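A short worksheet on the structure shown next.
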2 protein chains.
Amino acid sequence: MRPGLEPERRDAARNRELLLRAARELIEECGADGLTMGTLAQRAGVGKGTVFRRFGSRAGLMMTLLSDAEAHFQGRFMFGPPPLGPGAPPLERLIAFGEERIAWVLEFGELARAADVSAYNRFDVPAAVLWHRHLEMLLREAGVTTDPWLMATSLSAVLEPERILHAVRVHHIAPERLAASWRELVSRVVRGA
Amino acid sequence: MRPGLEPERRDAARNRELLLRAARELIEECGADGLTMGTLAQRAGVGKGTVFRRFGSRAGLMMTLLSDAEAHFQGRFMFGPPPLGPGAPPLERLIAFGEERIAWVLEFGELARAADVSAYNRFDVPAAVLWHRHLEMLLREAGVTTDPWLMATSLSAVLEPERILHAVRVHHIAPERLAASWRELVSRVVRGA
DNA sequence: GATCAAAACGGACTGCGGTCCGCTTCTATT
DNA sequence: AATAGAAGCGGACCGCAGTCCGTTTTGATC
């Protein structure tokens, strides 16, 4: 989490733990949208400035809270067992990627939404870039030769947390139906190649 | 714009014109993101409460500013000449819809982003619902029988202003390349039917 | 023209994310 | 143990969207 060689000062480390613990508690109680930076500071017993020094912004805090789940997911599709991980045919990996991503969004989506940096560069956070590259690679392997980069962009758009949560929570679409639609979409994209 | 039968009071009408004029000026000068409700009130010479009474929220104001362009676009794909309007084969209409929508986003996208109600129901504003229904209808006509509703959702996701603007402004993707990718995507989706 | 209720007005106020800067606490060095 | 300066701290402060409510304007009725 902190890649730097120089160690963290003891008070800083203690405050970070305090803040993360308090943040998880607050999210448990009020949901991610109900967490405010002021309340968090108060609950953790530190000043508001400390919260922002640690995490930069509200979105940064949410990204930190997500990073475990994110790293786990990344590990699975990059190094884990097929069909999500390497070893399966690309179309099957694409299908598995979407299915797993939908499940992931249903579990962590609220946090993921809160972690979206408002502004343009929400698509340039490392995790999003990695997902995009992964999709692009699978498309290439599956024989999609016409602009796989943009095609990966389109597929990423389909899997956005905001849309998925909206479909499930507002329109009561069953997750399995989302997965089926994803299978259909990605099959047609690849088969047309 | 105001569908009610009961007419608007004179002062209210005058202030609305004042506000719309001032808003357009400010957006000209500072961009949509640079417009603040306080500045707008000041520029128009009214109180801040009046601004919110008129438009409900910042997003509501932006939607009002967009409504002309939106109505024009809607008229074109519903009643205008083919291939965008009725008369052409569905695949051609789908292709034309995406192409025109990309062009529309490049012209009005900043406003459209500012008009997005933060929260879940951004997809349930009338214009978004109409676009979605239109896509779904074209998909059905083109022979897509497996869950056209969700397929239309996916295609809508691909055309979101935020992504398109990001691709063009940050990654310097040429609009024509976006259009080509859309053609490819939608052709494959339909041909797989 | 006087009257009056409803509609609209305006600006002080709240709560939020985020910044700033003088003060405190740590740790490396001697 | 003394010291120095870097790292961290805290909370007053800012600008913003949005709310509230006492005051003013409007236009239908008489």
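Atom set for the values below is all heavy atoms of this structure, side chains included, hydrogens, waters and symmetry mates excluded. Chain letters run A, B, ... following the sequence lines, proteins first, then strands; residues in each count from 1. Given the structure is predicted, the values throughout are model-derived calculations rather than measurements.
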Contacts of type side chain to side chain contact (heavy atoms under 4.5 Å, CB included), residue [X], not counting sequence neighbours:
X        : result
B:Ala115 : B:Met62, B:Met63, B:Leu66
B:Glu99  : B:Ile95, B:Ala179, B:Arg183
B:Arg191 : B:Leu91, B:Ser187
B:Ala69  : B:Trp104, B:Phe108

Query raised in the report: In the hydrophobic cluster built from side-chain contacts under 4.5 Å, what are the other members alongside A:Phe123?
Result: none
Query raised in the report: Where is the tightest heavy-atom contact between A:Lys48 and A:Gly38, given as atom of each residue plus distance?
Result: CD-CA, 4.3 Å
Report task. Scan residues 79-98 of chain B for pairs that pass salt bridge (charged side-chain N to carboxylate O under 4.0 Å, His left out), counting only residues two or more places apart or in two chains. Result -> none
Query - Contact list for residues 71-88 of chain A, test salt bridge (charged side-chain N to carboxylate O under 4.0 Å, His left out), sequence neighbours left out - result: A:Arg76-A:Glu100
Query raised in the report: Are B:Arg54 and C:dC9 close enough that a side-chain N or O sits under 4.0 Å from OP1 or OP2?
Result: yes
Requested in this report: State whether B:Asn15 places a side-chain N or O below 4.0 Å from either non-bridging phosphate oxygen (OP1 or OP2) of C:dA8.
Outcome: no
Query raised in the report: Got a sec? Which of residues 31-50 of chain B come in under 4.0 Å of DNA chain D, heavy atoms?
Result: B:Leu35, B:Thr36, B:Met37, B:Lys48
Query raised in the report: Closest to the B:Phe52 side chain: D:dG8, C:dC9, D:dA17?
Result: D:dA17
Query raised in the report: Under 4.0 angstrom, heavy atoms only, what part of the nucleic acid is B:Arg58 near: base, sugar-phosphate, or nothing?
Result: sugar-phosphate
Query raised in the report: What string of B, S and - do you get for nucleotides 24-30 of chain C, 5' to 3', when a contact is any protein heavy atom under 4.0 Å?
Result: -BSS---
Requested in this report: Give the rounded distance in Å between these two atoms: CZ of A:Arg53 and P of D:dG11.
Outcome: 15 Å
**Report entry** Nucleotide C:dC9, atom P - distance to CG of B:Leu18 in whole Å
**Finding:** 11 Å
